[in-house]
Amino acid sequence: MSRPHAPAPLSTAPRRRWHYPLAAAGCGATTLLTLPLHDWLEPVNAVMLFLLTVVVVAARLGRGPAVMASFLSVGLFDFFYVPPRFSFAVSDIQYLLTFAVMLTVALLIGHLATGMRQRAEEAQQAARRAQALHALAHQLAGALTAEQVLHHLQAFMQDQLGADLHLWQPSLDHGLVLLQGDHTSTPAPSASLTLLARSIAQDSARPHAHHVQDEQGSSDGAGTHHVLLPLTGSTRNRGVMMVSLSTWAGPNAPDAQGNLRHHTDMLDAVSALAATALERLHFVDVAHQTELEVRTERLRNAILSALSHDVRTPLTALVGMAETLSLLQPPLSPQAQEMAEALRGQALRLHEMVSKLLDMARLQASLQGQRSHLPLRLAWQPVEEVVGASIQLLGTALAHHRVVVDLPPDLPLIQLDAVLMERVFGNLLDNAAKYAPPDTDIHIALMAEAEHLLVRVRNAGNGFPPARLQEVFALFARGEPESHVPGMGLGLAICKVIVEAHGGHIEARNPDDGGAEVCMRLPLGTPPTIEPEQP
């Protein structure tokens with residue numbers, strides 16, 4: 001491992017070695033300039049010149065050289081200006097007060113000048129840092145990918161601290177993945193640092209930076225100090241950022257840990273900017289994906305609507321022609337009559353599928369046009385009449401099944417759209433009849449609970465696939481994708497839209513004693529009071 005170059009902010013120690021000789025040279029220059037003017041220059045004016053030298057030294061070289069210049073100025077004034085000259089003996093005791101005041105004033109002026117110099121340097125450094133952070137924020141605001149965010153962060157850290165930067169992002173399996181930049185040349189973090197980053201990302205109670213000293217160094221004493229910062233977003237953690245600063249042993253070795261701690265505020269600001277940038281990219285991706293889904297859904301609904309309208313008319317004509325064939329006089333042969341009935345049955349089945357497509361397209365269009373609220377024609381209805389009407393509408397579809405309805409005598413009125421709810425019960429009974437063995441019963445049970453009406457429709461079939469209980473209500477989803485039972489997977493999807501529009505809930509389950517069951521709950525509400533008729 002080669003020795004890294006020290007960054008500019010850490011390389012001031014070699015220059016500081018010349019500050020003290022420069023301070024002494026400044027005091028000597030003042031003495032040489034004022035010594036030829038001794039006969040015309042009052043001692044008090046000489047004191048002012050030495051104090052001016054202390055101010056210049058403090059402003060330019062710092063506190064330590066200013067203190068040395070203060071003592072050196074008092075000594076030079078005593079040696080060259082106080083009688084007896086060219087000795088440190090003092091003939092007049094009053095000069096001791098002069099020395100004390102001169103030293104005190106020099107030290108005070110040096111301290112104030114140094115403080116002003118430090119505050120000026122801090123203000124300039126804060127201004128440069130604010131300008132750099134503003135530029136970084138502008139760059140991150142224009143980043144289009146996480147790799148570009150990493151590139152800007154790495155360039156900022158190299159420019160400001162001469163430090164390396166790594167970035168972890170959450171993965172799909174709730175872990176962390178190291179983000180690789182376009183020009184990343186630094187070695188990957190060790191396994192221990194990766195584990196620490198994962199623990200920081202998972203622990204939301206760790207909002208602050210974590211300092212880690214790398215104990216593994218080269219033979220020349222090189223090592224690395226790491227700072228790990230969580231990238232906390234508004235909704236969740238967006239990853240972990242690690243800043244690594246190399247250091248080495250030696251008389252002028254920079255204190256990497258101290259330097260990073262000194263820039264804690266800047267690191268916190270950078271981590272906040274990084275978290276904001278990554279969160280913005282996440283929401284941009286979500287918005288883009290949502291827009292694609294909306295466009296896809298609109299296109300699919302448009303295709304379904306157009307297909308339904310274009311196919312429905314020839315299907316109606318086909319059903320009519322099949323019925324006409326069966327009524328011809330003289331009658332057709334038994335074989336031709338059977339073919340006409342089969343043609344009529346298949347046409348009716350296809351007509352039913354197209355009707356469901358058209359219904360679903362209308363429902364989806366209503367949801368999109370009414371901001372996810374399906375327009376309902378609500379009225380207080382006895383639910384048993386809706387169930388009876390649905391059974392009558394199905395007709396021959398229930399020819400091989402007996403429908404057993406369990407109706408308690410005290411069922412209250414339910415506020416619902418009778419037409420839409422007839423479609424719900426019709427679809428549930430049609431599905432139950434399709435997947436139930438012939439000559440088996442279909443059970444409908446209704447029961448009033450505390451706040452809901454519970455409706456259960458059950459058959460004696462094989463049940464729903466256990467792994468797909470939550471998927472059977474999706475568009476074009478079927479319990480058995482390769483089933484021989486005809487259908488397009490729209491019936492339960494229509495039921496879900498209508499039930500949820502009524503404020504209810506629907507779910508599929510497999511009872512323990514076999515079969516399949518669909519349960520839905522509709523809100524009871526407060527039915528109006530019915531006055532008894534007067535005799």
[Y] side chain reached by [X] side chain, heavy atoms, under 4.5 Å:
X: Q415; Y: L524; value: no
X: I414; Y: W380; value: no
X: Q289; Y: V286; value: no
X: L153; Y: L140; value: yes
X: V240; Y: L229; value: no
X: I391; Y: L429; value: yes
X: L411; Y: L453; value: yes
X: I506; Y: C519; value: no

According to salt bridge (charged side-chain N to carboxylate O under 4.0 Å, His left out), who are the partners of R456, at least two apart in sequence or on a separate chain?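 Applying salt bridge (charged side-chain N to carboxylate O under 4.0 Å, His left out) to R456 gives none.
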Of all residues at least two apart in sequence or in a different chain, which pass the salt bridge (charged side-chain N to carboxylate O under 4.0 Å, His left out) check with E291?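 Per chain and number, E291 pairs via salt bridge (charged side-chain N to carboxylate O under 4.0 Å, His left out) with R295.
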Check this for me, if you would: do E449 and R521 make a salt bridge, where the nitrogen-to-carboxylate-oxygen distance has to be below 4.0 angstrom?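 Yes, E449 and R521 are salt-bridged.
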What are the two closest non-hydrogen atoms of [X] and [Y], and how far apart are they?
X: A143; Y: V149; value: CB-CG2, 3.7 Å
X: R509; Y: F464; value: O-CD1, 3.9 Å
X: F473; Y: A508; value: CE1-N, 3.6 Å
X: A275; Y: T232; value: CB-O, 3.6 Å
X: A516; Y: G463; value: CB-CA, 3.6 Å
X: E422; Y: A389; value: OE2-CB, 3.4 Å

Looking at [X], I'd like to know if its [atom1] atom is crowded, meaning that more than 12 non-hydrogen atoms belonging to other residues, nucleotides or ligands lie closer than 6.0 Å.
X: N510; atom1: CG; value: yes
X: E293; atom1: CD; value: yes
X: D513; atom1: CG; value: yes

Does [X] use its side chain to pair, donor to acceptor, with the backbone of [Y] at less than 3.5 Å?
X: H400; Y: P438; answer: no
X: D417; Y: L378; answer: no
X: N427; Y: C495; answer: no
X: Q158; Y: A163; answer: yes

Show, in sequence, the C-alpha distance, side-chain angles and deciding distance for Q154 and D164, and conclude whether the side chain to side chain contact (heavy atoms under 4.5 Å, CB included) test is met. CA-CA 7 Å; Q154 288 177 335; D164 297 326; over 6 Å; no
Point-to-point distance, once rounded to the nearest 0.5 Å, from [atom1] of [X] to [atom2] of [Y]:
X: L522; Y: I498; atom1: CG; atom2: CD1; answer: 11.0 Å
X: I444; Y: S390; atom1: CD1; atom2: OG; answer: 8.0 Å
X: L231; Y: W168; atom1: CG; atom2: CH2; answer: 10.5 Å
X: L228; Y: L267; atom1: CG; atom2: CG; answer: 11.5 Å
X: E384; Y: L413; atom1: CD; atom2: CG; answer: 8.0 Å
X: I494; Y: L420; atom1: CD1; atom2: CG; answer: 10.5 Å

Partners passing side-chain hydrogen bond (donor to acceptor under 3.5 Å, both in side chains) against Q139 (at least two apart in sequence or in another chain):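 Scan of Q139 (side-chain hydrogen bond (donor to acceptor under 3.5 Å, both in side chains), adjacent residues dropped) gives none.
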Check side-chain hydrogen bond (donor to acceptor under 3.5 Å, both in side chains) between E338 and all other residues, then give those that pass, not counting sequence neighbours.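 For E338, no residue satisfies side-chain hydrogen bond (donor to acceptor under 3.5 Å, both in side chains) once neighbours in sequence are set aside.
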Suppose the criterion is salt bridge (charged side-chain N to carboxylate O under 4.0 Å, His left out): which pairs have a residue in residues 400-413, not counting sequence neighbours?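 Every pair satisfying salt bridge (charged side-chain N to carboxylate O under 4.0 Å, His left out) with a residue in residues 400-413: R402-D441.
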Write out all pairs satisfying salt bridge (charged side-chain N to carboxylate O under 4.0 Å, His left out) with one or both partners inside residues 276-287, taking only residues at least two apart or from two chains.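 Sorted pair list: R238-E279.
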Start with the C-alpha gap between M157 and L165, add the side-chain angles, then the distance that decides, and say whether side chain to side chain contact (heavy atoms under 4.5 Å, CB included) holds. CA-CA 7 Å; M157 280 301 164; L165 185 139; 3.5 Å; yes
Going by side chain to side chain contact (heavy atoms under 4.5 Å, CB included), M421 matches just one of V455, V383, V387, L416. Which one?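 The single option meeting the side chain to side chain contact (heavy atoms under 4.5 Å, CB included) with M421 is L416.
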L179 vs E147, side chain to side chain contact (heavy atoms under 4.5 Å, CB included): CA-CA, chis, key distance, verdict: CA-CA 7 Å; L179 190 62; E147 288 73 16; 3.6 Å; yes
Evaluate side chain to side chain contact (heavy atoms under 4.5 Å, CB included) for V270 paired with L133, printing each intermediate quantity in order. CA-CA 7 Å; V270 172; L133 288 173; 3.8 Å; yes
